[in-house]
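Contents: one structure, followed by commentary.
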Amino acid sequence: MALKMDNITDTLTITQPDDWHLHVRTGTILKTVIAHTAQQFARAIIMPNLKPPVTTVEHALVYRNEILAALPEDSDFQPLMTLYLTGNTRAEEIKKVAESQQVFAFKLYPAGATTNSDDGVANIEAAYPIFAAMENHNVPLLIHGEVTHADYDIFDREKAFIDNHLTEITRQFPALRIVFEHLTTQDAVQFVESASDNVGATITPQHLLYNRNAILAGGIRPHFYCLPILKREHHRQALLTAATSGNPKFFLGTDSAPHLSHLKESACGCAGCYSAHAALELYAEAFEKADALDKLEGFASFHGADFYGLPRNTGTVTLEKRAWTVPMQYGETDNLITPLRAGEQLHWQFVNH
Ligand code: NCD
Ligand code: ZN
């Protein structure tokens with residue numbers, strides 16, 4: 001275990017972490033955001049919700065090459081690709097993923113649940129034969145766990161997904177490896193804790209640090225609007241307890257999701273928080289507040305790799321206890337992104353080597 005805390009200089013050194021849930025997009029934005037992620041993380045699970053979505057291994061390999069070409073020189077960062085599950089996904093594609101060295105999982109977006117999910121799965125039960133193929137080929141299924149029907153209140157959509165779909169999926173496919181992505185509720189924490197070891201979960205920095213007041217109290221703050229939406233304080237506390245528990249089912253997935261500032265600051269702003277500029281700093285802040293910095297390394301650097309059956313990283317990264325102010329925006333003119341905590345102070349800082 002590489003965890004080293006030096007109280008005199010206030011530094012924290014841990015094994016290099018991975019990000020198990022990340023959006024990097026394409027083109028100009030990709031170049032800006034991938035540099036942030038590659039600085040801190042060795043690997044990241046890359047979400048496939050492009051327009052059009054990444055639905056074939058062939059497309060994933062083209063996208064992977066675009067990501068590699070956008071990396072800063074000398075970067076060893078490895079993008080771990082995923083495919084977007086649709087109503088038309090064929091069993092042959094599952095086999096191709098199982099045989100691929102570059103594609104690691106399928107992502108299930110219920111149709112209409114979030115950004116670029118129009119091509120997602122409209123009838124989840126109809127996808128059961130595909131889940132069976134994933135179970136047989138040992139291909140993980142990553143799930144955006146929210147129902148989408150307008151009858152459901154937006155704050156209840158995760159719990160409804162557990163009750164209406166996830167419980168039955170885990171019963172029917174006990175050997176299917178599932179990552180319940182970006183947990184936001186106590187209900188989801190309890191579900192994952194009581195499920196088999198084949199069920200793991202990612203937790204974002206914003207859901208550990210903020211409750212729904214951040215979006216709505218004292219003014220509407222669109223940069224805190226992501227999906228699944230921030231919930232009540234007791235849910236945040238349940239997430240923090242889970243993340244800092246040392247339970248290997250819970251691991252780091254930022255869900256860093258860049259959107260141009262003007263598209264978020266709009267009458268109908270889009271969903272997604274950008275956190276890649278300070279991902280580890282934000283997690284360190286949450287863990288420190290819970291007096292659990294010693295649990296950060298397992299959550300950030302071990303549990304996800306173990307779940308995916310990949311080797312743990314061998315290098316280390318260091319954070320220093322030093323205040324700095326987050327820039328108001330990142331990127332180039334016409335392609336500006338407002339990061340989480342823009343213009344505010346962070347108390348940990350990642351040390352560049
Ligand atoms: C993500 C995005 O922008 O791609 N948005 C978000 O609010 N998290 C999609 C997602 O993961 O739901
Ligand atoms: Zn996401």
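All heavy atoms count here, side chains included; hydrogens, waters and symmetry mates do not. Indexing begins at 1, ligand by ligand and atom by atom, following the structure's order. Each residue takes its place number in the sequence, starting with 1.
L61 and Y63 fall within the same hydrophobic cluster, defined by Ile, Leu, Val, Met, Phe, Trp and Tyr side-chain heavy atoms under 4.5 Å apart, directly or through other members.
A 4.5 Å side-chain heavy-atom check between W348 and L293 finds at least one atom pair inside the cut-off.
Sorted by chain and number, the heavy-atom contacts of ligand 1 below 4.0 Å come from H21, H23, R25, N49, T114, T115, H144, H182, C226, L227, D255, A257, H259, A271, G272.
Partners of D255 by salt bridge (charged side-chain N to carboxylate O under 4.0 Å, His left out), not counting sequence neighbours: none found.
Distances shorter than 2.8 Å separate the Zn ion (ligand 2) from the protein N/O/S atoms H21 NE2, H23 NE2, D255 OD1.
Using a 30° and 60° split on the angle between ring planes, H36 and Y330 fall in the perpendicular class, above 60°. Note: Y128 and F131 have tilted aromatic rings, judged against thresholds of 30 and 60 degrees for the angle between ring planes.
Taking CD1 of I130 as the start and CG of N88 as the end, the distance is 10.0 Å to the nearest 0.5 Å.
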Open item on the list: Pair H165, E125 - check side-chain hydrogen bond (donor to acceptor under 3.5 Å, both in side chains), show working.
Closed with: CA-CA 8 Å; H165 301 292; E125 283 66 36; 3.3 Å; yes
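Other residues sharing the hydrophobic cluster of W20, ordered by chain and number and joined by side-chain separations under 4.5 Å: I45, M47, L80, Y84, F104, Y109, L142, V179, F251, F307, Y308, L310.
In this structure, R212 satisfies the cation-pi test against F155, with its NZ or CZ atom closer than 6.0 Å to the six-membered ring centre and inside 45 degrees of the ring normal.
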